[in-house]
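This report concerns only the one structure given below.
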2 protein chains.
Amino acid sequence: MFSKSCEYGMRAVIYVAKQTSLGNKTSVKEIASATNSPEAFTGKILQKLTKNNIIDSIKGPYGGFLIYEEKTKTIKLSQIVEIIDGDKIYTGCGLGLKECNAKNPCPIHDKFIDIRSSLKSMLETTTVYDLLKSETGEDKILQLKR
Amino acid sequence: MFSKSCEYGMRAVIYVAKQTSLGNKTSVKEIASATNSPEAFTGKILQKLTKNNIIDSIKGPYGGFLIYEEKTKTIKLSQIVEIIDGDKIYTGCGLGLKECNAKNPCPIHDKFIDIRSSLKSMLETTTVYDLLKSETGEDKILQLKR
DNA sequence: CTTATAAAAGATATTTTTATCTTTTATAAG
DNA sequence: CTTATAAAAGATAAAAATATCTTTTATAAG
Ligand code: FES
Ligand code: FES
């Protein structure tokens, strides 16, 4: 569904948010290890997310990454996906035609846009904050490694 | 959503089915041109689809690819996708964890499986035959190039 | 049997994605 | 000011996906 880069990115943001909520800044090394992602590559992705103002970073000793809780309420999964994977998943044709166009639909258009819309809507209505909150109770673990 | 190979494959199967229904066998060259796909690469994909018994091929003069109408009723999009892209799209975790497991769910599990299931179900309930039939009338064009 | 045609199979090349390594910049603390 | 730390930036490298080219096999027709 998503590229590896995007998966690493989403896992990283969730982990950073969790750590910030616990009062910790966290390093590339720690993020990569906690999310089971390659370290240097994760660094590149964090760079991109920082440039795009999803997370914040602080250089130097006692530095690291963080994202304030208030901000987690405004960051939607759709933003992370779009920054890393672009908007193909929201606008692209299921058969890979250059443009998806209801006026000139491909054979799977009607069925495909239902799915595509649900996905878009799910990503747009899910904030990082939502993911930190347990849905079933207080102690659901944030599972990011396996 | 799908790999380019998979997109080419779906477009090719739809085109072959359409041509068969018109009484024509069709060549790699014609399929590639009609679906706007790279010729040699499309040949490879057609090979794979033939081996997996999705379409039939005939070598030599007056040869080409075909898929009988009766068969189009039994071939689901899900089969084409699985042959080319594997089952990651049906079973994989949205965050890319090694396994998606409801007993040990990742933070987006609940929301993600809804989408994944709808997609799976859509692909499993859509046959190649369905795609050849107009949904709004008799003369909806099969759009495979753009 | 020979020739022409078209797919199958195999080998190679290109591009994109993923991953790593090195150098630079910022900054906290002594 | 110097040192240590950690991210940013830039340069390479490796792997996977996409694409092409060449050789082989099957077969229809003369
Ligand atoms: S035209 Fe193909 S999905 Fe809309
Ligand atoms: S565990 Fe991640 S989607 Fe199921």
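Labels below follow one simple rule: chain letters A, B, ... track the order of the sequence lines, proteins then strands, and each chain is numbered from 1. Note that the structure is a prediction, hence the values are computed from the model and not measured.
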TODO: Please assess Lys18(A) against Leu144(A) for the test side chain to side chain contact (heavy atoms under 4.5 Å, CB included), listing each intermediate value before the final yes or no.
DONE: CA-CA 11 Å; Lys18(A) 179 69 178 171; Leu144(A) 293 173; over 6 Å; no
Is [X] reaching over with its side chain to a backbone N or O of [Y], donor-acceptor style, under 3.5 angstrom?
{"X": "Asn101(A)", "Y": "Lys103(A)", "answer": "yes"}
{"X": "Ser33(A)", "Y": "Lys29(A)", "answer": "no"}
{"X": "Arg116(B)", "Y": "Thr91(B)", "answer": "yes"}
{"X": "Tyr15(A)", "Y": "Thr26(A)", "answer": "no"}
{"X": "Asp85(A)", "Y": "Ser3(A)", "answer": "yes"}
{"X": "Asp130(B)", "Y": "Thr127(B)", "answer": "yes"}

Open item on the list: Students often mix this up, so state it plainly: with edges at 30° and 60°, are the rings of Phe2(B) and Phe112(A) parallel, tilted or perpendicular?
Closed with: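 Correct class here is tilted.
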Task: Along DNA chain C, first and last positions that approach a heavy atom of chain A under 4.0 Å - done: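 Taking any atom under 4.0 Å from a heavy atom of chain A, the span is dT18(C) to dA29(C).
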Atom pairs under 3.5 Å, N or O on each side, protein against nucleotides 17-19 of chain D: can you list them with distances?
residue	atom	partner	partner atom	Å
dT18(D)	OP1	Lys4(B)	N	3.2
dT18(D)	OP2	Ser5(B)	OG	3.1
dA19(D)	OP1	Tyr8(B)	OH	3.3
dA19(D)	OP2	Tyr8(B)	OH	2.8

Task: Heavy-atom pair of closest approach, residues Glu99(A) and Arg146(B) - done: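 Shortest heavy-atom separation between Glu99(A) and Arg146(B) comes out as O-NH2, 2.6 Å.
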Task: DNA chain C stem ranges, 3 or more consecutive Watson-Crick or G-U pairs under 3.5 angstrom - done: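 Runs of three or more consecutive pairs: C:1-30 with D:1-30.
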Open item on the list: Within the 4.0 Å heavy-atom criterion, would you say Ile58(B) contacts the bases, only the backbone, or no part of the nucleic acid?
Closed with: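 Result for Ile58(B) = sugar-phosphate.
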Open item on the list: Counting the atoms with a prime plus P, OP1 and OP2 as sugar-phosphate, which does Gly43(A) contact under 4.0 Å by heavy atoms, base, sugar-phosphate, or nothing?
Closed with: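 Counting heavy atoms under 4.0 Å across all strands, no contact is made by Gly43(A).
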TODO: Map Gly60(B) and Ser27(A) onto DNA chain D by nearest heavy atom, then report which one ends up closer to the 5' terminus.
DONE: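 Going by which nucleotide is closer to the 5' end, it is Ser27(A).
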Open item on the list: Would you say NZ of Lys76(B) has more than 12 non-hydrogen atoms from neighbouring residues, nucleotides or ligands within 6.0 angstrom?
Closed with: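 Check fails, neighbour count at 12 or below.
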- [ ] Give the rounded distance in Å between these two atoms: CD of Gln47(B) and C1' of dT20(D).
- [x]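 From Gln47(B) CD to dT20(D) C1': 14 Å.
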